[in-house]
There are 2 protein chains.
Amino acid sequence: MKNNKATIHDISRSLGIDSSTVSRALNGSDRVKDKTKELINKKAEELGYRKNIMARNLRMNRTFTIGVIVPRIDRHFFAKLIAGIEETAFNLNYEVIIAQSLDSLEREKKLLANMLNNRVDGLLISTTMETISYDHFDAYKDENSPIIFVDRPNKIGYNSNVIINDQETSLNATQHLIDNGYKNIVHFAGPQEVDLYKLRLAGYKAALEKNGIEFNEDYVIESRLMQEDGEKMAKQILELPNVDAVFAANDHAAIGAMKRLKEQGVKIPEDIAFMGFSDEPISEYIEPGLSTVKQPATLMGKEATSLLIGQIENKSGDIVHTKILDAELIVRNSTKKITA
Amino acid sequence: MKNNKATIHDISRSLGIDSSTVSRALNGSDRVKDKTKELINKKAEELGYRKNIMARNLRMNRTFTIGVIVPRIDRHFFAKLIAGIEETAFNLNYEVIIAQSLDSLEREKKLLANMLNNRVDGLLISTTMETISYDHFDAYKDENSPIIFVDRPNKIGYNSNVIINDQETSLNATQHLIDNGYKNIVHFAGPQEVDLYKLRLAGYKAALEKNGIEFNEDYVIESRLMQEDGEKMAKQILELPNVDAVFAANDHAAIGAMKRLKEQGVKIPEDIAFMGFSDEPISEYIEPGLSTVKQPATLMGKEATSLLIGQIENKSGDIVHTKILDAELIVRNSTKKITA
DNA sequence: CTGTTAGCGCTTTCAC
DNA sequence: GTGAAAGCGCTAACAG
């Protein structure tokens, strides 16, 4: 049991060199003679010295740690996102501490306070769907700790966003259906309080307009994006006349709807073409007829992280910056693979 | 810009109460008069005081943080595992810092050093498949920081393991095939350097023996668990006479094999029954004929975390402890759902 | 119940 | 190129 208590002072003492010099040497300062450095490094190794990060943190008032808050770690999109975050953070020598809000606003607030307490150098967050107001982020204005909203953007003034181009992507996806001869396209919409679902609806509308197809309000079915919602939606579709395609803003409900339709003997995709935003890999398998719009989750994580660390490390100037990435349109039963 | 610099000394000064008392009050010590506490708490709020965790960490020589190292965060099993870890850690007021080894031993070593440097109070790790020797964990012997191996157990003396009962589970799974009339069962084995795959093979053998079925070496096909391996395996199966079922130690190769077999016009599951360990949800969809053995990933995360924090918080006595959880046998095309 | 005192291990002026 | 000295903000004996 070495107890691993070697400090710079132990090195200092056993070498007769002041601890400040030891500190400098260990940090690679060029204000220390190479010979001395060598000596110090050797002794450090010999004593099994390991820098006490806690002391450094306190002294430097930084943690070299970024915080990440997502609704659920085990949702595929977020797992991918976090994988990207970790990779970039690792490369830039940052640690990442993660937490999940479980889609609860109350918990999000608590986690936010935790992160502040833990003095993370910056924060990446994907807010819950319950998060409509942003008062709880106000505390951040008083910190000099940057914050970036990923996937779920917002417009409070002091933060950055990393998102995909929802509207254009939706337009392209809908256009793809139209190009393939579909005209009566139902849109499975998400909750319209959430910006991104508003944009996806807007993209859908824009595509119709562009192609001279009349917009029909009845063809927009809004839901809370649960698989269970899909059942209801399936029923609604079957009651609508002439529906030949569906464009879904999210795959959860779409999967539910497809299951249900299948049970009712409606053949997919022969009868109805599906196209949807999709993060879970299962949707690629459950129904080959579902073409998908895929968010580049890992890339988003990487981009967000390097943006964040950039902001951390040069804390001057204008912080606000929104990064918009392209989503990928993956078309089934075809070799086409279009980038929006 | 409040700059948020309030310390206990600010509270102390503006109240004429010593900072040690302030500290005690803020920590809810019962050695402070309620009246004083109230005063202090009010003032703290007023000043926007937030405890400086870095100072506490340095002073207490603890971080209330656990480290997690997994091969890949975005592999479904690990995402689930981490979700469980985070939940329990949150409940017990610990932070969790994560890192992924990307299945590289070299990187695992680096991460391990990082974690030590960051003075995590304990560590949860699922080692890479390359991790055959455990020398790099030796540094831990000198710490008083517990370490728990999850899913990938090992036998070094100073650590705990949280695993499933691989052998018994494999026995049950194979038994299920036998019960359904299958006799010529191929085993897709994992790399036999890895303990758990050895155990799964052993379980398979045990089931055969128990049922008086002769073990046939040719029926064991070992692979590195890549989907690409599946192709090769598919070919091998087709060359074997009389194969009527497959029991796979891991779904990656199994999925590859099934795809391949399908392409060759071999109907599944009509012709060959599949059963496999499976962590990815896609396997539930890609082929309904694949019955699966499912590891309780989230539960494993929870159990491992509370075990770890237990060890952290009462650092005396015997640390070593192995927790064995039950896996679930999920049988397709049937309502049966057996717990191993 | 409250105050005094010391110090965790590092970084960082400021001298020389 | 190196040393002296101070201090980050907290907790924890120890006293009283």
query: Quick check: are there more than 12 heavy atoms from other residues, nucleotides or ligands sitting under 6.0 Å from CD of A/Glu193?
result: yes
- prompt: Taking atom NZ of A/Lys110 as the centre, does the number of heavy atoms from other residues, nucleotides or ligands within less than 6.0 Å exceed 12?
  reply: no
[X] [atom1] to [N] [atom2]: how many Å, rounded?
| X | N | atom1 | atom2 | answer |
| --- | --- | --- | --- | --- |
| A/Leu58 | D/dA6 | CG | P | 18 Å |
| A/Leu15 | D/dG3 | CG | P | 10 Å |
| B/Arg50 | D/dG9 | CZ | P | 14 Å |
| A/Arg119 | D/dG9 | CZ | C1' | 9 Å |
| A/Glu38 | D/dT2 | CD | P | 12 Å |
| A/Ile17 | D/dG3 | CD1 | P | 6 Å |
| B/Arg56 | C/dC10 | CZ | C1' | 18 Å |
| B/Asn52 | D/dG9 | CG | P | 7 Å |

- prompt: Are B/Arg152 and B/Phe149 in a cation-pi contact, defined as NZ or CZ under 6.0 Å from the six-membered ring centre and within 45° of the axis?
  reply: no
- prompt: Which value, rounded to the nearest 0.5 Å, describes the distance between A/Glu46 atom CD and A/Ile40 atom CD1?
  reply: 13.5 Å
field: Electrostatic pair A/Glu45-A/Lys42, nearest N-O below 4.0 angstrom
entry: no
query: So which of residues 21-33 of chain B are in contact with DNA chain C, with a heavy-atom cut-off of under 4.0 Å?
result: B/Thr21, B/Arg24, B/Asp30, B/Arg31, B/Val32, B/Lys33
query: Taking only side-chain nitrogens and oxygens of B/Lys51, does any of them come within less than 4.0 Å of OP1 or OP2 of D/dT11?
result: yes
- prompt: Looking only at side-chain N and O atoms, does A/Ser20 come under 4.0 Å of OP1 or OP2 in D/dA5?
  reply: no
query: Is B/Lys37 close to B/Asp34 at the side-chain level, that is, under 4.5 Å between some pair of heavy atoms?
result: yes
- prompt: For residues B/Asn27 and B/Ser29, is any side-chain donor paired with an opposing acceptor at under 3.5 Å?
  reply: no
- line: Of B/Gly16 and B/Ala55, the one whose closest nucleotide on DNA chain C sits nearer the 5' end is B/Gly16
